[in-house]
Amino acid sequence: MRSAGAGLRRCDKNDFEAFADMQPSSSPAQTSPRANLAGWLYVSPLVLVLAPFFVAPILVVLAASFFATDGFGGLTPGFTLASYVEVLHSALTLKLYLATIKFTVLTWVFTLIIGFFVAYFLVFHVRNQLLAIGLFLLCTVPFWTSNIIRMISWIPLLGKEGLINQALLGVGVIHQPLEVLLFSDLAVVIAYVHQLTIFMIVPIFNSMARIDKKLIEAAIDAGARRFDIMRLIVVPMSKSGIALGTIFVVSIVMGDFFVVKVMSGGGSASVVSAFYEDVGVLQYPTAAASAVLLTLVLVAIVSLILRTVDIRQEITR
Amino acid sequence: MKKDRGDIELAGVCKSFDGITNVVDGVNLKIADGAYCCFIGPSGCGKTTILRMIAGHEDPTAGEIVIGGQNVVGLAPVQRRTAMMFQSYALFPHLTVRENIAFALRVRGQSKTDRLRAADAMIEKVRLTQFADRLPAQLSGGQQQRVALARAAITEPRVLLLDEPLSALDEQLRVQMRQELRRMQQELGITFVHVTHTQLEAIALADLVVVMEQGKIKQAGAARDVYAHPHDRYVAEFMGGQNVLSGRVEKVNGASFTLAQAAPSGIEVPLQARANVSVGDKVDIAVRRDDVALVRPGRDLPPGCTTSLPSRVLAIEYQGYFVKVMLDTVPDDEFVAYVPEKTFFADPFTVGDVVMATWATGSALPLA
């Protein structure tokens with residue numbers, strides 16, 4: 001009786017496959033799609049979103065990058081590498097990539113430093129769980145308004161007549177207002193850091209929060225000072241969070257043109273702003289080729305990051 | 001080369017986390033240099049807090065902690081020269097066995113060659129040489145335990161503190177690692193303070209067993225003292241192996257007194273240390289389970305036995321070299337006899353049999 005019950009339960013667990021075993025008459029060709037059906041149903045919502053809104057546009061862009069153009073927005077289906085040759089031969093491309101990489105690296109460095117220390121403070125120095133969550137939510141306050149408003153708000157602060165210039169003038173540190181504060185590369189980096197630090201804080205906070213506090217105690221017991229603990233325990237164990245945050249920040253900065261455009265006052269450009277211009281003058285194949293190229297560069301960067309840090313292993317740890 | 005003394009003295013140590021209740025409540029204790037001391041008690045009795053205060057991970061609210069003649073309250077673990085082995089080990093998951101063990105030397109600024117040589121020597125001592133380059137997750141529980149021990153011991157501390165070191169292991173490994181702990185302690189010749197909630201572990205290992213309840217020490221002494229001569233009902237019941245009975249004193253006659261019980265004759269108990277017993281007092285006594293003999297009604301009692309309590313057999317458990325017989329001798333408490341296997345099977349009882357539970361008068365122990 002008991003064994004029969006156990007057998008029944010096991011049969012439930014293995015659902016369709018066990019069912020198939022017990023009924024050899026039904027052909028495997030009939031049962032195997034049924035066994036997979038549940039699996040397909042689980043992923044279908046994601047597929048339904050990704051296929052039309054992600055895969056299809058990418059394929060369209062990829063196709064367009066090989067098409068020829070009449071110069072007035074008309075596309076001739078075909079296969080030509082002309083657009084790629086044009087993009088790769090242009091001296092502007094290299095310059096734009098260098099500029100974009102400069103913004104990316106600067107933004108990455110500052111968001112990483114700020115993000116790491118904010119997360120460190122929240123995880124290791126705020127004892128009260130409720131307070132930590134409150135402070136964590138405080139980090140998201142800038143996101144309660146739109147990106148445009150956030151960027152405009154820099155003007156009264158950084159502008160020629162802005163608060164910082166006035167304060168510095170008032171104290172007498174400077175005698176001329178600083179021009180470099182607004183509509184400059186500095187302003188671009190400031191806006192990016194302001195906007196993207198949260199993308200560092202969240203994953204780093206998450207991986208730090210999973211560090212067993214006993215490990216810190218064990219390190220103190222072994223005689224480690226605060227800096228040693230950070231260097232030898234916290235940083236290596238937050239690697240997955242740092243990697244994830246890096247992926248967010250790098251891909252957002254490299255794929256952005258709006259912040260560069262607004263905050264540099266049109267003085268600087270990025271890779272994306274160049275092919276945005278291309279689209280503006282109806283050069284679709286060149287824009288598409290630039291987009292494909294940027295995607296490849298980003299894929300390369302992301303796979304490099306994933307190569308250094310085995311995120312999957314770190315997360316399941 | 002004798003290192004610094006590692007004797008520990010706790011004087012009036014109190015700890016309160018909320019300012020209202022004391023988790024550790026006025027603990028006084030001396031642990032000799034090179035002793036193996038076990039704190040034992042139910043969870044929440046304050047034993048781990050005491051350990052953490054000795055280690056320097058928690059500061060006492062009041063009182064002094066003296067190690068080797070030096071008051072260490074407020075000092076960091078390194079300055080105390082103590083090392084702690086954490087419950088579930090707290091090994092650094094991203095470092096190999098060798099790096100884990102060398103960690104303390106690394107943060108002390110030792111050169112790489114020196115510290116790796118020292119770590120390798122220690123790895124050999126705990127017999128992990130072939131696993132030196134593995135990560136903790138790739139080791140078994142027993143191996144992880146040895147890594148934790150080696151990591152704690154590498155700084156040559158004068159006191160090693162172990163927080164439930166064997167609780168994560170399965171039964172067989174626990175017995176094996178228990179011996180290994182004792183071996184290491186003798187090899188290192190330093191004071192070990194070990195927290196556990198397993199009675200067997202404590203009495204098997206310790207020179208000094210400290211039984212705790214609700215932040216207070218109930219009894220501290222050699223393992224055999226605590227097991228065979230518990231001070232009070234709590235210790236007797238916690239350490240196990242004893243039947244505790246209570247009743248009122250019926251009469252006091254010279255060297256013994258008689259406890260009124262269900263039995264018509266009462267229970268005769270030697271006075272021993274408890275001289276101040278008067279008629280009418282409520283007294284607990286303990287009788288070791290292996291001192292209890294079971295006799296069928298009407299048969300003669302063994303020599304030296306004056307008390308016999310009629311009982312019914314409630315359950316029988318075969319335990320190998322003895323048989324555990326549970327009886328309804330006393331109304332509210334459990335009463336158990338450990339009958340040697342051969343004696344039991346010479347004339348086996350079955351559940352429901354009526355027997356007389358008896359013991360040599362001298363083996364009954366009055367409790368405080």
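Residue numbering restarts at 1 for every chain, and letters A, B, ... go by the order of the sequence lines.
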S.K.: Mark yes when over 12 heavy atoms from residues, nucleotides or ligands other than Glu124(B) sit less than 6.0 Å from its CD; otherwise mark no.
M.R.: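 Result for CD/Glu124(B): open.
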S.K.: For Arg307(A), look at atom CZ and say whether over 12 heavy atoms of other residues, nucleotides or ligands are found less than 6.0 Å away.
M.R.: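 At most 12 heavy atoms, drawn from other residues, nucleotides or ligands, come within 6.0 Å of this atom.
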S.K.: Might you point out which heavy atoms bring Asp221(A) and Pro77(B) nearest each other, and give the distance in Å?
M.R.: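 Closest approach of Asp221(A) to Pro77(B): OD1-CB, 3.8 Å.
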S.K.: Measure Ile229(A) against the heavy atoms of chain B and call it side chain, backbone, both or neither at under 4.5 Å.
M.R.: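 Ile229(A) has no heavy atom closer than 4.5 Å to chain B.
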S.K.: If you round to the nearest 0.5 Å, how far is CZ of Arg52(B) from CD of Glu217(A)?
M.R.: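 Between Glu217(A) CD and Arg52(B) CZ, I get 4.0 Å after rounding to 0.5 Å.
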S.K.: Heavy-atom pairs under 4.5 Å with chain A: which of Leu91(B), Ile154(B), Leu161(B) has the most?
M.R.: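 Counting heavy-atom pairs under 4.5 Å, the top option is Leu91(B).
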S.K.: Mind listing the closest non-hydrogen atom pair of Lys214(A) and Gln87(B) along with its distance?
M.R.: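 That closest heavy-atom pairing would be CD-O, 4.0 Å.
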S.K.: Looking at every non-hydrogen atom in both residues, tell me the closest pair between Ala90(B) and Ala218(A) and how far apart they are.
M.R.: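 Nearest pair, atom of Ala90(B) first, then Ala218(A): O-CB, 4.0 Å.
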S.K.: Are more than 12 heavy atoms from other residues, nucleotides or ligands located less than 6.0 Å from atom NZ of Lys213(A)?
M.R.: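 Counting neighbours around NZ of Lys213(A), more than 12 heavy atoms of other residues, nucleotides or ligands fall under 6.0 Å, so yes.
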S.K.: Between Ala83(B) and chain A, with a heavy-atom cut-off of 4.5 Å, which part of the residue counts as in contact: side chain, backbone, both or neither?
M.R.: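 Contact with chain A: backbone and side chain both.
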S.K.: Mark yes when over 12 heavy atoms from residues, nucleotides or ligands other than Gln129(A) sit less than 6.0 Å from its CD; otherwise mark no.
M.R.: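 For Gln129(A), atom CD is not crowded (no more than 12 foreign heavy atoms under 6.0 Å).
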S.K.: May I ask you to decide if Ala222(A)'s main-chain N or O and Arg108(B)'s side chain share a donor-acceptor pair within less than 3.5 Å?
M.R.: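 Checked: pair present.
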S.K.: Looking only at heavy atoms, which two atoms of Phe92(B) and Leu215(A) are closest? And how far apart?
M.R.: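 Scanning both residues completely, I find the closest heavy atoms to be CE2-O, 3.4 Å.
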S.K.: Does Leu48(A), at its CG atom, have more than 12 non-hydrogen atoms belonging to other residues, nucleotides or ligands within less than 6.0 Å?
M.R.: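 For Leu48(A), atom CG is crowded (more than 12 foreign heavy atoms under 6.0 Å).
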S.K.: Atom CG in Asp228(A), atom CZ in Arg106(B): separation rounded to 0.5 Å?
M.R.: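 These two atoms lie 8.5 Å from each other.
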S.K.: Sort Asp212(A) into side chain, backbone, both or neither according to what part of it lies under 4.5 angstrom from a heavy atom of chain B.
M.R.: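 Answer is neither: Asp212(A) stays 4.5 Å or more from chain B.
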S.K.: Can you tell me if CZ on Arg231(A) sees more than 12 non-hydrogen neighbours from other groups inside 6.0 Å?
M.R.: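 For Arg231(A), atom CZ is crowded (more than 12 foreign heavy atoms under 6.0 Å).
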S.K.: Can you name the nearest heavy-atom pair linking Val78(B) to Ile220(A), along with the distance?
M.R.: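 Looks like CG2-O, 4.2 Å.
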